[in-house]
Amino acid sequence: MARVEHRFTGPAFTIGIEEELMIVDRDTLDLASSIEGVLEDLEGVETRGEVKPELMESVCEISTDPCRDTREAGEQLRALRRLVQQTADGRGLAIGSAGTHPFALWEDQRIVSRPRYRELIAGLQFVARQEIIFGIHVHVGLDDPDKAIHVTNGMRVHVPILLALSANSPFWRGAHTGLQSTRTPIFRAFPRVGIPPRYEDFDDWSRRIDFMKTTKVVPDYTYLWYDVRPHPNFGTIEIRVMDSQTRVEHTLAIAALIQAMVKELAEHYDARKSLSRYPYEMLDENKWLAARHGLEGELVDLPATDRVQAKELTRRLMDRLRPHAQELGSATEFGALEDILENGTGSARQEVIYEANHDLREVVREIVDATAPEAAETLGD
């Protein structure tokens with residue numbers, strides 16, 4: 001067995017955030033296949049973090065450097081959002097952030113001219129072509145490979161809460177789907193997604209990755225797109241279940257919650273405690289309930305059999321994790337979770353806009369306006 005090389009050397013609990021943003025035509029508000037022009041305009045521009053393409057030419061990904069805390073990550077995210085918005089504006093475009101574009105059609109989208117993405121289309125065909133969705137990925141640094149596996153295993157039970165909080169995609173192809181996170185079932189069509197398997201330790205994870213590489217079903221572990229995964233090249237665990245957030249303070253709030261979760265689980269490992277084992281089907285069922293109802297539904301309070309309001313479970317978790325956020329220097333960003341609980345998720349806010357006139361362009365306009373960092377600073381608007 002070839003043990004996967006890793007960089008789980010610390011420092012622990014550094015944080016990096018990736019956001020997938022939509023590029024839209026400023027007038028029609030439909031998606032615009034314009035990432036190459038945006039990147040061309042950004043050549044030579046110095047910035048902290050990175051702007052890069054994704055699978056579709058209508059997607060712009062921004063990512064922070066590894067940061068000490070969510071305050072520093074927030075400074076970089078806001079600067080990156082401003083940068084791409086200003087660049088897009090010069091081309092008659094705008095930037096928006098949500099889990100799906102409410103009325104765009106995947107048939108109209110162009111694939112980015114990069115070998116990895118062309119190979120994805122060649123291998124996955126329709127499954128990849130229809131994946132016009134937008135998510136956020138949060139990386140948290142760890143200092144030991146077995147600890148990274150322990151935390152990955154432990155994060156599986158938190159995936160439904162993170163999805164419920166981040167639900168921001170109630171519309172798809174011009175239809176109100178009845179789901180709070182339509183992005184979730186769309187991405188579920190991909191292979192190697194969803195709640196990850198449970199691994200015994202880093203050697204077990206390496207052995208299973210090596211088996212997949214030997215059989216040539218994947219070239220490397222980055223082709224496993226689970227909701228949470230170890231990322232040895234970066235020395236992080238990566239949480240990938242969330243819809244993109246319209247308001248930047250909501251991205252940071254969820255990132256602060258994740259960072260606190262990771263700290264709690266890392267300390268659990270250091271104390272040589274064992275994780276509870278949950279039935280996979282119940283973890284997956286909770287995730288479905290979160291995608292369907294967001295914070296307005298119930299989740300099973302594992303390992304018990306009680307169904308509890310998602311908001312109640314979230315508040316209980318926040319009370320437990322708030323001291324960790326304070327120790328990490330992320331208390332301010334963590335506090336913005338209250339705005340989601342009190343004023344609604346991104347999906348709930350989109351539905352309020354839609355109910356007024358049943359105009360999806362009005363919904364996209366609101367998304368674009370609130371994606372601007374300055375607009376996003378006003379909580380509850």
Side-chain angles (χ1 to χ4, degrees), residues 15-20 70 73 97-99 133-140 151-169 179-185 187-188 193-196 225-229 231 236-247 249-265 278 282-302 308-322 324-325 328 330 333-334 336-341 344-348:
I15 190 163
I17 304 173
E18 302 168 345
E19 291 189 307
E20 295 169 346
T70 49
S97 186
I133 56 177
F134 308 83
I136 57 174
H137 304 158
V138 176
H139 290 260
V140 181
V151 174
T152 299
N153 288 337
M155 285 296 297
R156 300 190 316 157
V157 75
H158 294 321
V159 160
I161 286 290
L162 294 172
L163 179 56
L165 275 166
S166 70
N168 195 19
S169 49
L179 306 181
Q180 295 299 293
S181 176
T182 308
R183 170 181 167 270
T184 296
F187 192 48
R188 193 165 186 146
V193 296
I195 306 285
W225 299 292
Y226 293 121
D227 296 331
V228 53
R229 68 181 183 185
H231 205 312
T236 66
I237 71 157
E238 179 186 8
I239 295 81
R240 304 166 48 85
V241 71
M242 296 81 64
D243 283 4
S244 282
Q245 298 299 286
T246 303
R247 290 161 171 78
E249 77 270 15
H250 292 172
T251 297
L252 296 169
I254 292 167
L257 179 63
I258 288 169
Q259 188 188 32
M261 289 172 171
V262 170
K263 183 174 180 290
E264 181 185 61
L265 286 164
Y278 306 103
M282 289 309 303
L283 295 173
D284 196 46
E285 188 65 23
N286 265 355
K287 184 184 173 185
W288 156 250
L289 292 170
R292 171 64 180 87
H293 301 290
L295 285 178
E296 300 308 312
E298 297 178 336
L299 299 174
V300 180
D301 186 16
L302 298 172
V308 179
Q309 286 291 322
K311 285 184 180 179
E312 179 184 333
L313 283 178
T314 302
R315 289 194 180 279
R316 191 189 307 170
L317 195 60
M318 287 171 58
D319 289 343
R320 195 177 81 219
L321 294 175
R322 187 173 283 105
H324 291 292
L328 291 164
S330 298
E333 290 75 21
F334 188 93
L337 292 167
E338 288 291 343
D339 182 51
I340 302 176
L341 291 171
T345 62
S347 276

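Fair warning: this is a prediction, and the values are worked out from it, not measured in the lab. For this chain, numbers begin at 1 and follow the sequence in order.
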Show the nearest heavy-atom pair for residues [X] and [Y], with the distance to one decimal.
X: F134; Y: A98; value: CB-O, 3.1 Å
X: L299; Y: A290; value: CD2-N, 4.0 Å
X: G297; Y: Q309; value: O-OE1, 3.4 Å
X: I133; Y: F187; value: CD1-CB, 3.5 Å
X: G294; Y: Q180; value: N-CG, 3.5 Å

With respect to [X], which candidate in [options] satisfies the side-chain contact (heavy atoms from CB on, under 4.5 Å) definition?
X: V262; options: V151, V138, L328; result: V151
X: D227; options: I239, I195, V193; result: I195
X: P196; options: V228, L283, V159; result: V228

Test W288 against L179 for side-chain contact (heavy atoms from CB on, under 4.5 Å), laying out the working first. CA-CA 10 Å; W288 156 250; L179 306 181; 3.9 Å; yes
Could you tell me whether the side chain of [X] and the main chain of [Y] form a donor-acceptor pair under 3.5 Å?
X: S244; Y: G99; answer: no
X: Q245; Y: S166; answer: yes
X: E238; Y: R229; answer: no
X: D243; Y: N168; answer: yes
X: S169; Y: T182; answer: yes
X: R183; Y: A291; answer: no
X: T345; Y: L165; answer: no

Supply the atom-to-atom distance [X] [atom1] to [Y] [atom2], rounded to the nearest 0.5 angstrom.
X: R240; Y: H139; atom1: CZ; atom2: NE2; result: 7.5 Å
X: E20; Y: M242; atom1: CD; atom2: CE; result: 10.5 Å
X: L162; Y: I258; atom1: CG; atom2: CD1; result: 5.0 Å
X: L252; Y: R247; atom1: CG; atom2: CZ; result: 14.0 Å
X: I161; Y: M261; atom1: CD1; atom2: CE; result: 7.0 Å
X: H137; Y: T236; atom1: NE2; atom2: OG1; result: 12.0 Å

Apply side-chain contact (heavy atoms from CB on, under 4.5 Å) to the pair E285 and V300, showing each step before the final yes or no. CA-CA 9 Å; E285 188 65 23; V300 180; 5.9 Å; no
